[in-house]
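Each remark here refers to the structure printed beneath this line.
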Amino acid sequence: MDFSLNEQQEMLKKVARGFLEKECPESFVRTMEIDTKGYSPELWFKMADLGWLGLPFPEKHNGMGGNIVDLAVLFEEMGRAMLPSPYLSTVVLGGLTILESGSEDQRCELIPKIVKGELIISLALTEPSASWNSDGIQVSAIQDGDKFIINGTKLFVHDALVADKILCVARTAEGEMSDYGITLFLIDSNNSGISFEILETTAEDKQCEINFYNVIVPASDIIGNIHQGWQSLRRALQVGTVMLCSQMTGAGHKLLELVLDYAKTRIQFDQYIGVNQYVQEQCINIFSRVEGSRAVTYKAAYKLSECKPADMEVSIAKAWVSAAHEFACRSAHQVFAGAGYTEDSIIPLYTKRGKVAQLYLGDATHHRKKIAQQMDGWTLKIPKGEPLGLWN
C-alpha cells in the first residue's frame, strides 16, 4: 500500500512546518507551560486564518473538505513542534462528533464557529475508574421532563479551563450492553453547577477534574440520540487516537534529528560520540521505531478516510506507536546522557508530552486488549507490571 503524500498534502506539510517553526519555537512551548490558559488565543486565530480549524469539515460548513490523512499530516507537524493548543479536543473529538451525529441545526450553528476559532470544546470522558471503555461511564444524567440533571465527576479532562462548551459523556440508562444508555450533552462551561480543578501533571498541560452538581441541561443540547451516545462518539475517538499516533510520530522524527545532530557534533575523549557503536545503535533503533510508527499510523488514517472498518488498525497503531515513542524518548536520553536530563534540554519536553499522548484515549495495554479481542482463536496475556513489553 502506497502512503505517499499527494501534492496538496505535501504543500500542507511544508506550510505547517514553516509556520510552526516560526510561531511555535521551544521558547513558546516553555512559556505556555506557565501560562494560565496553556495556549495562545492569538496563535489559535492564526491557525483559523490558515484554514486548519476547518480542515476536516465540509465546504458547506465553511470547512476545507479535507480527510483523515490530511489531518494526520497536520498532526505530525504539530507533534514535531509540540504545539500546545485545544485542536484535538475542539476540532477532532468535539467537532467531528457534532459533524457525525449532531442535528443539521447543530452542525450549521456550531461547526462554522469552530472553523473561525470562536468555539472551543472539551471532551469530558474519563472518570475515577480511569476506564476508556463505555462501562466506565457512571456520571448520571436523570431526565426531568424536557431537561436532564447531571451529577458526577470527570477526571483528566483536556482543555476544560479554556473551553466554551463541555461535551459531557453521561449515563442516562442501564442496560445489558454497557454501550447502551450513554448520552452526549454539550454544556456551557460557565454553568453554575460546574466546578473545575487543575490537576498537577508531568507535562503541566492543564488537565482538569470537573465536578457536575445538579447541572440542568435541556434535551435540545443532546448530540445524537439519547442512550446511543457511545456510537456517536466512537468515530471521533478513533480519529483522535490516530491523531495522537501521528503527533508522536512527528515528535519521534524530530527527536531523531536532534539525536543525529548531537552525535555528529558532541566530542568526548577527542572524538565525536557518533563513532561509538552504542550511540549508532540508539540512532538506528529510533529510526526504525519512527518509520514503523508512520506506517501503522497512516494505514489506520487511510482506512478511516475511506470509511472502512478500522478497529484493529487503530488499536495496532496506538499500541505500537505508544511503545515506540517511549522507546525513542528513552534512547534520546541515552545519547544525550546527563545533558539530556537537565531542565535546559529540549529532550525532557518531548518525553513529558509523549507520556500524555501515550496515555490519552487508551494506553498500549488498553489497545492490546482490544487487539486480542479481535484475534480469532488467539489469547493474549498482558504481563503484570510490563504494559509495553510486547512491542518493546
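No experiment lies behind these values; they were computed from the predicted model shown. Sequential numbering from 1 along the given sequence is applied to the chain's residues.
Under a 4.0 Å N-O distance rule, the pair R80/E257 qualifies as a salt bridge. A salt bridge links E291 to R294: one of the charged nitrogens lies within less than 4.0 Å of a carboxylate oxygen. Electrostatic pairing of E209 and K154 does not count as a salt bridge here, judged by no charged N lying under 4.0 Å from a carboxylate O. Here E26 pairs with R30 in a salt bridge; the nearest charged N to carboxylate O distance falls below 4.0 Å. Taking the charged nitrogens against the carboxylate oxygens, D188 and K165 do have a contact shorter than 4.0 Å, which makes a salt bridge. In summary, R107 and E104 engage in a salt bridge, as defined by a charged side-chain N under 4.0 Å from a carboxylate O. Salt-bridge formation is not detected for the pair E100/R234: no Lys NZ or Arg NE/NH1/NH2 atom is positioned less than 4.0 Å from an Asp or Glu carboxylate oxygen. Using a cutoff of 4.0 Å between basic side-chain nitrogens and carboxylate oxygens, K352 and E33 are scored as salt-bridged.
The backbone N or O of Q138 lies less than 3.5 Å from a partner atom in the side chain of E127, making a donor-acceptor pair. Not a single donor-acceptor pair under 3.5 Å links the side chain of T342 to the backbone N or O of G338. Judged by distance alone, with hydrogens and angles left aside, the side-chain atoms of T249 form a donor-acceptor pair with the main-chain N or O of C245 at under 3.5 Å. A donor-acceptor distance shorter than 3.5 angstrom exists from the side chain of S246 to the backbone of A72, with no hydrogens or angles considered. In terms of modelled atom types and a separation under 3.5 Å, the side chain of R235 and the main chain of L304 share a donor-acceptor contact. Under the 3.5 Å distance criterion, the side-chain polar atoms of E118 are left unmatched by any main-chain donor or acceptor of I114. Here the side chain of S315 pairs no donor or acceptor atom with the backbone of I371 at under 3.5 angstrom.
Shown here are the ring-ring contact (aromatic ring centres under 6.0 Å, His included) partners of F57, two or more places apart in sequence or in another chain: there are none.
Once rounded to the nearest 0.5 Å, the distance linking OG1 of T201 with CZ of F156 reads 10.0 Å. Separation of atoms OG1 (T90) and CH2 (W44) is listed at 4.5 Å; rounding is to 0.5 Å. Remark: M64 CE to Q8 CD distance equals 10.0 Å, nearest 0.5 Å. Note that the OH atom of Y87 and the OH atom of Y39 stand 15.0 Å from one another [nearest 0.5 Å]. The distance from atom CG of L93 to atom CG of D159, rounded to the nearest 0.5 Å, is 9.5 Å. Going from atom CD of Q247 over to atom CZ of R353 covers 10.0 Å, rounded to the nearest 0.5 Å.
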Dump the intermediate steps for ring-ring contact (aromatic ring centres under 6.0 Å, His included) on F75 and W52, then the final yes or no. CA-CA 10 Å; F75 265 87; W52 291 2; over 10 Å; no
Yes or no on side-chain hydrogen bond (donor to acceptor under 3.5 Å, both in side chains) for Q9 and D70, after CA distance, side-chain angles and deciding distance? CA-CA 6 Å; Q9 290 163 350; D70 299 331; 2.9 Å; yes
Please test D179 against Q228 for side-chain hydrogen bond (donor to acceptor under 3.5 Å, both in side chains), starting from the C-alpha separation and ending with a verdict. CA-CA 7 Å; D179 288 6; Q228 297 177 21; over 6 Å; no
Between H158 and S122, does a side-chain hydrogen bond (donor to acceptor under 3.5 Å, both in side chains) hold up when you go through it step by step? CA-CA 6 Å; H158 290 240; S122 175; over 6 Å; no
Do S140 and N151 pass the side-chain hydrogen bond (donor to acceptor under 3.5 Å, both in side chains) test, and can you show the C-alpha distance, the side-chain angles, and the key distance before you say yes or no? CA-CA 6 Å; S140 66; N151 284 282; 5.0 Å; no
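Between the side chains of Q358 and K355, at least one donor-acceptor pair of N or O atoms lies under 3.5 Å. Under 3.5 Å, the side chains of H325 and S293 contain no donor-acceptor pair of N or O atoms. At a cut-off of 3.5 Å, with distance as the only test, a side-chain donor of N211 or T153 sits close to an acceptor on the other residue.
For residues 128-149, the pairs satisfying salt bridge (Lys or Arg N to Asp or Glu O under 4.0 Å) are D144-K147, with sequence neighbours left out. Screening residues 195-243 for ring pair (Phe, Tyr, Trp, His ring centres under 6.0 Å), with sequence neighbours left out, gives Y180-H227.
With respect to Q268, the side chain to side chain contact (heavy atoms under 4.5 Å, CB included) criterion is satisfied by exactly one of I273, V279, N276: I273. When V157, I187, L184 are each tested for a side chain to side chain contact (heavy atoms under 4.5 Å, CB included) with L167, only one passes: L184.
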